[in-house]
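Nothing fancy with the numbering, it's 1 onward along the sequence. Remember, predicted model here, so these are calculated numbers, not experimental data. Whatever order the structure lists ligands and atoms in, that order sets their numbers, starting from 1.
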Amino acid sequence: MIKVAPSILSADFGKMAEAVGNVERWGADIVHCDVMDGVYVPNITFGMPMIKSLRKYTDMPLDVHLMITRPEKYVGQFCDAGADWVTFHPEASEDVRGALNEIKSKGVKCGLVVNADQPFEIVEPYLDSIDMLLIMTVQAGFGGQSFKHDCLEKVRAGYKAKIENGYGYEIEIDGGVSPENIELCKEAGATIVVAGSSVFKAQDPASAVKAMQI
Ligand code: DX5
Ligand code: ZN
């Protein structure tokens with residue numbers, strides 16, 4: 001069954017503890033935390049202190065998606081703050097392997113992200129070393145954008161490499177995911193989907209979550 005990770009980017013930033021409580025109550029599987037630095041992406045959200053605080057309010061897995069430059073400088077601190085998963089964009093890093101190793105050395109699951117404007121090839125050298133492959137179906141930076149169908153080709157490439165080589169990584173899709181396109185995500189090989197607007201802006205968020213746990 002596909003695991004659903006609501007993104008708290010779509011929540012009220014003044015009520016984050018309540019938001020993670022809701023995510024759990026709605027029956028979701030993972031909390032997706034979008035960290036943006038205003039440099040790698042033209043938007044700024046929150047950093048390690050938010051992860052550390054949220055950790056006190058939930059036992060749900062925290063999936064921390066770093067949209068920051070030089071992630072190798074900070075991955076350790078995000079692990080120490082209580083992340084269960086840390087993913088970053090390889091083209092933003094000068095030491096991809098070092099960052100992956102540091103995350104693993106902290107006992108945290110590591111992953112790489114393919115942004116919508118990046119080719120699948122950027123993650124190929126690291127596929128044997130990651131726990132999660134995150135394929136973006138929007139350009140990273142903002143919630144509420146529309147799902148880019150052409151990015152599914154990269155999900156299929158990730159799934160093919162996983163099957164052919166016996167890799168164990170999760171395949172996560174992030175950006176514009178909703179009950180309307182969940183079948184396509186599953187067919188392409190996704191095991192986890194991020195959903196911001198389609199859950200937080202839904203009339204009945206619990207039903208939206210359930211509709212994607214297919
Ligand atoms: C975009 C973020 C996504 C975003 C998803 O840069 O990485 O996680 O919050 O939001 P929706 O589901 O609204 O596209
Ligand atoms: Zn994200």
- Query: Do NZ/NE/NH1/NH2 and the carboxylate oxygens of Glu170 and Lys3 come within less than 4.0 Å?
  - Reply: yes
- Query: Can you list the ligand 1 atoms lying under 4.0 Å from a non-hydrogen atom of Met36?
  - Reply: 6 (O)
- Query: Any idea which of Leu66, Asn43, Asp34 brings a heavy atom closest to atom 4 (C) of ligand 1?
  - Reply: Asp34
- Message: Taking the ring centre of each residue, are Phe78 and Trp85 less than 6.0 Å apart?
- Response: no
- Note on the structure: Atoms of ligand 1 under 4.0 Å from any heavy atom of Ala140, numbered from 1 in the order shown, are 6 (O)
- Residue Asp174 atom name (nearest to the Zn ion (ligand 2); N/O/S): OD2
- N or O pair under 3.5 Å between Ala195 and ligand 1: no
- Message: Does Tyr40 form a side-chain hydrogen bond (donor to acceptor under 3.5 Å, both in side chains) with Glu91? I'd like the steps, not just the answer.
- Response: CA-CA 10 Å; Tyr40 176 69; Glu91 75 279 19; 2.5 Å; yes
- Does a side-chain heavy-atom distance below 4.5 Å link Asp174 with Thr137? no
- Message: So that I can tick it off, tell me whether Lys210 and Asp204 are bridged by a salt bridge, with the cut-off set at under 4.0 angstrom between side-chain N and carboxylate O.
- Response: no
- Task: Would you indicate whether the side-chain heavy atoms of Arg97 and Ser129 approach each other to under 4.5 Å?
- Result: yes
- Nearest neighbour in protein (non-hydrogen) for atom 6 (O) of ligand 1: Gly141 N, 2.7 Å
- Message: Check this for me: does any side-chain nitrogen of one of Asp80 and Lys106 sit under 4.0 Å from a carboxylate oxygen of the other?
- Response: yes
- Task: Give the residue and atom name of whichever protein heavy atom lies nearest to atom 1 (C) of ligand 1, and the separation in Å to one decimal.
- Result: Phe142 O, 3.5 Å
- Opening angle at the Zn ion (ligand 2) [OD1, Asp34; ND1, His65; to 10 degrees]: 90°
- Query: When you look for heavy atoms under 4.0 Å from ligand 1, do you find them on the side chain of Ser197, its backbone, both, or neither?
  - Reply: both
- Task: Identify which one of Leu112, Thr69, Val35, Val113 satisfies the side chain to side chain contact (heavy atoms under 4.5 Å, CB included) criterion when paired with Phe88.
- Result: Leu112
- for atom 12 (O) of ligand 1, nearest protein heavy atom and its distance come out as Gly196 N, 2.7 Å
- Query: For atom 7 (O) of ligand 1, which of Asp174, Thr45, Leu9 has the closest heavy atom?
  - Reply: Asp174
- Message: Can you give me the closest heavy-atom contact between Met48 and Ala81, atom names plus distance?
- Response: O-CB, 3.7 Å
- Query: Which atoms of ligand 1 sit under 4.0 Å from any heavy atom of Gly175?
  - Reply: 14 (O)
- Message: Could you tell me if the side chain of Phe200 sits less than 4.5 Å from the side chain of Val23, heavy atoms only?
- Response: yes
- Item | Nearest-neighbour protein heavy atom for atom 10 (O) of ligand 1, which is reported as residue plus atom name and distance | Gly143 CA, 3.6 Å
- Check each atom of ligand 1 against the heavy atoms of Met136 and keep those under 4.0 Å away; list them by number with element. 7 (O)
- Hey, quick one: are Met136 and Val177 part of the same hydrophobic cluster, counting side-chain heavy atoms closer than 4.5 Å, chains of contacts allowed? no
- Note on the structure: atom 14 (O) of ligand 1 has as its nearest protein heavy atom Gly176 N, 2.8 Å
- Query: In ligand 1, which numbered atoms sit nearer than 4.0 Å to a non-hydrogen atom of Val194?
  - Reply: 8 (O)
- Ionic contact status for Glu72 with Arg70, cut-off 4.0 Å: yes
- For His32, atoms of ligand 1 separated by under 4.0 Å from a heavy atom: 8 (O)
- Item | Residue Ser7 vicinity, atoms of ligand 1 by number, heavy atom under 4.0 Å | 8 (O), 9 (O)
- Item | Any Ser198 heavy atom less than 4.0 Å to ligand 1 | no
- So, Glu183 side chain and Glu180 main chain: donor-acceptor pair closer than 3.5 Å or not? no
- Query: With only distance considered, is His65 within less than 3.5 Å of ligand 1 through an N or O on each side?
  - Reply: yes
- Would you mind listing which atoms of ligand 1 come within a distance below 4.0 Å of any non-hydrogen atom of Met67? 6 (O), 7 (O)
